[in-house]
Amino acid sequence: MTIATAVDGYLRHVAVERGLAANTVAAYRRDLGLYTAWLAGQPDSDAGDAVIAGAGAGAADAPARPITNLRAITRHHVSAFVQYLGLRPESPLTAASIARILSTVRGFHRFLLGEGLVETDVAHDSKPPKLALRLPKAISIEQVAALLAATDGDDVQRLRDKALLELLYATGARVSEVVDLNVDDVRLEDFDSVRLTGKGDKQRIVPVGSFARAAVSDYLVRARPMLSARGRSTPALFLGLRGQRVSRQNAWLIIRAAAERAGLTVPVSPHTLRHSFATHLLAGGADVRVVQELLGHSSVATTQIYTLVTADTLRDMYTLSHPRAR
C-alpha cells in the first residue's frame, strides 16, 4: 500500500469511526500532507539512517531513491521530521504547532500498526518539544461584570448581546458550542441547564444561572422574533441583524465591542470568558473534576492548569496581606 492510500484510509477512519469534526479532519489532512511531502524527499531507509536529511543538512548528498512505501519509514525519519519543522528556513514552527503535528503523525502510525499495515509503530517513542507553560488569560469578576453591563439596553441588538455574553460566562462554553445552539435547545419553562455539543460531538449538560436565564428569556421574547423576521426561517438561537445564525466571528466582534464600551484595557475574546468561568469557579472552591465536566475536557490534566492561576492569586493575596509574608 502506498503512503497516500494509507493517509486516505486514516482520514476516513477518524471521520467515520471516531466521528471527529470536519475541521479536525481537515487539520489532520494538512498535517499529514506536510509529513508525506517531506517523506517524499527523503532517502529510503535501506540506504542507511545516517543520510536522512532532517533539517536540510546533507540533503544534497542523499541517495536519489525516495521513500515509496510505509515499511520504509523508520523512527529516524519521524525524529528528523520533527527537527525539520523547527528549523525549516521558510517558516520555522512554534513548539505548540510542532507538538500538534507530531500528535497527528503518531496517530497515523498507531493506525498503521492497528490495521496490520506495518510491523512496528515507528513514531511511538517520538517526543514533542517541551512547551512553555502558558496560563489561561482570565479577567477578574469585576471586569466580567463591567463587560456584561456594557451590553445593557432595550434595543434588539443589546438584548441579543446580553444573552450571548451571559450564556457564555454562565456555562464556560466554547463560542462554537453557543452559536450552534438552536431555540429548541432552550426551553424557558424548565431552563435551568443547557445541553452543549463539544468536540467529537460529545454532549454535556451544564447548569445555567439566574442572570443568564433572565437575559436569554428577554432576548427570546423581545428581540429574536424581530431578528427572525429579517431573514429566512432558521432554528438558530442567536441571530444576526439580517436574521442569520450568528457566527463565531460575529460573536468575537460582539465581545470586542462590549469590551471597548466597558473601557477594558486587556484583550478580551470569547475564550476569555471560558477561562474566567473556570478560574472563578475554582477560586470559589469548586472541585477541579466538576470544572472538568462543565468545560467538557477529556482529561483532568487540561483543567488543572487553572489551579495554577488560582494558586498565583492566593500567593499574591498572601504576600500583600500577611504581616510576616515579606
Side-chain angles (χ1 to χ4, degrees), residues 133-179 181 194 196 206-224 226-227 237-242 244-286 291 294-295 305-321:
L133 182 62
R134 295 189 301 171
L135 296 180
K137 293 180 174 61
I139 56 178
S140 68
I141 295 174
E142 293 74 21
Q143 288 172 318
V144 171
L147 179 70
L148 297 173
T151 59
D152 289 345
D154 290 327
D155 60 275
V156 294
Q157 187 171 350
R158 290 294 179 88
L159 288 169
R160 180 207 59 195
D161 295 354
K162 168 73 76 176
L164 176 64
L165 268 64
E166 286 279 8
L167 193 58
L168 281 169
Y169 179 60
T171 62
R174 302 174 181 90
V175 65
S176 58
E177 295 171 345
V178 168
V179 299
L181 287 173
V194 64
L196 299 172
V206 180
V208 178
S210 59
F211 286 88
R213 290 201 303 268
V216 172
S217 177
D218 282 349
Y219 162 70
L220 284 173
V221 173
R222 301 167 56 193
R224 190 185 180 283
M226 298 175 65
L227 293 172
L237 174 60
F238 290 109
L239 301 180
L241 297 182
R242 296 182 181 178
Q244 80 286 5
R245 183 185 293 271
V246 167
S247 67
R248 289 179 297 173
Q249 291 76 14
N250 293 148
W252 190 91
L253 293 173
I254 290 168
I255 292 176
R256 186 175 69 173
E260 291 176 354
R261 291 195 300 271
L264 299 183
T265 58
V266 294
V268 180
S269 70
H271 228 60
T272 303
L273 290 176
R274 178 169 165 85
H275 293 323
S276 302
F277 165 86
T279 302
H280 297 165
L281 277 176
L282 288 168
V291 178
L294 293 173
L295 290 175
I305 191 172
Y306 292 102
T307 63
L308 299 177
V309 179
T310 54
D312 285 344
T313 302
L314 291 173
R315 189 178 300 109
D316 291 341
M317 292 176 62
Y318 174 83
T319 303
L320 291 172
S321 306

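Everything quoted here is computed from the prediction, not taken from an experiment. We number each residue from 1, following the sequence as shown.
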request  = Without swapping roles, check the side chain of R213 against the backbone of V208 for a donor-acceptor pair under 3.5 Å.
outcome  = yes
message = When you measure from the side chain of H271 to the backbone of V175, do you find a donor-acceptor pair of N or O atoms at a distance under 3.5 Å?
response = no
ask   = Which distance, rounded to the nearest 0.5 Å, do you find between the CG of L281 and the CG of L295?
value = 8.0 Å
query = Considering residues, nucleotides and ligands other than R261, do more than 12 of their heavy atoms fall under 6.0 Å from its CZ?
reply = yes
ask   = Measuring from L253:CG to S247:OG, what's the distance to the nearest 0.5 Å?
value = 7.5 Å
ask   = Taking all non-hydrogen atoms of both residues, which atom of F211 and which atom of E166 are closest, and how far apart?
value = CB-OE1, 3.7 Å
task = Check whether any side-chain heavy atom of L237 sits under 4.5 Å from a side-chain heavy atom of L220, and report yes or no.
result = yes
key: Donor-acceptor contact below 3.5 Å, side chain R274 vs main chain G172   = yes
task = Indicate the atoms forming the closest heavy-atom contact of G153 with L159, along with that distance.
result = O-CD2, 3.7 Å
inquiry  = Quick one: does any side-chain atom of R245 pair with a main-chain N or O of V179 as donor and acceptor, under 3.5 Å?
reply    = yes
ask   = Closest approach of G209 and A170, non-hydrogen atoms and distance?
value = N-CB, 4.3 Å
task = Taking the side chain as every heavy atom from C-beta outward, state whether H280 and V144 have any pair of such atoms under 4.5 Å apart.
result = yes
ask   = Can you tell if the side chain of D154 reaches within under 4.5 Å of the side chain of R222, non-hydrogen atoms only?
value = yes
Stepwise side-chain contact (heavy atoms from CB on, under 4.5 Å) check, K137 with V266 = CA-CA 10 Å; K137 293 180 174 61; V266 294; over 6 Å; no
ask   = Hey, is K162 close enough to D152 for a salt bridge, meaning N to O under 4.0 Å?
value = yes
remark   = With Y219 as partner, the option from L167, D161, L164, L227 fulfilling side chain to side chain contact (heavy atoms under 4.5 Å, CB included) is L227
note = For L273 and Y169 the tightest heavy-atom approach is O-CD1, 4.1 Å
remark   = Output for pair (D218 CG, R158 CZ), nearest 0.5 Å, gives 15.0 Å
key: Distance in Å, R256 CZ paired with I254 CD1, rounded so as to fall on 0.5 Å steps   = 12.0 Å
inquiry  = Pair R160, V246 - check side-chain contact (heavy atoms from CB on, under 4.5 Å), show working.
reply    = CA-CA 10 Å; R160 180 207 59 195; V246 167; 4.2 Å; yes
ask   = Does the pair L294 and F277 meet the rule for a side-chain contact (heavy atoms from CB on, under 4.5 Å), with working shown?
value = CA-CA 10 Å; L294 293 173; F277 165 86; 4.0 Å; yes
ask   = Are the side chains of V216 and V194 in touch, meaning some heavy atoms are under 4.5 Å apart?
value = no
remark   = Of all heavy-atom pairs linking L241 and Q244, the shortest is N-OE1, 4.4 Å
task = Grab the two heavy atoms, one from A150 and one from A258, that are nearest each other, plus how far apart they are.
result = CB-O, 3.4 Å
key: Donor-acceptor pair between S269 and T272 side chains, under 3.5 angstrom   = yes
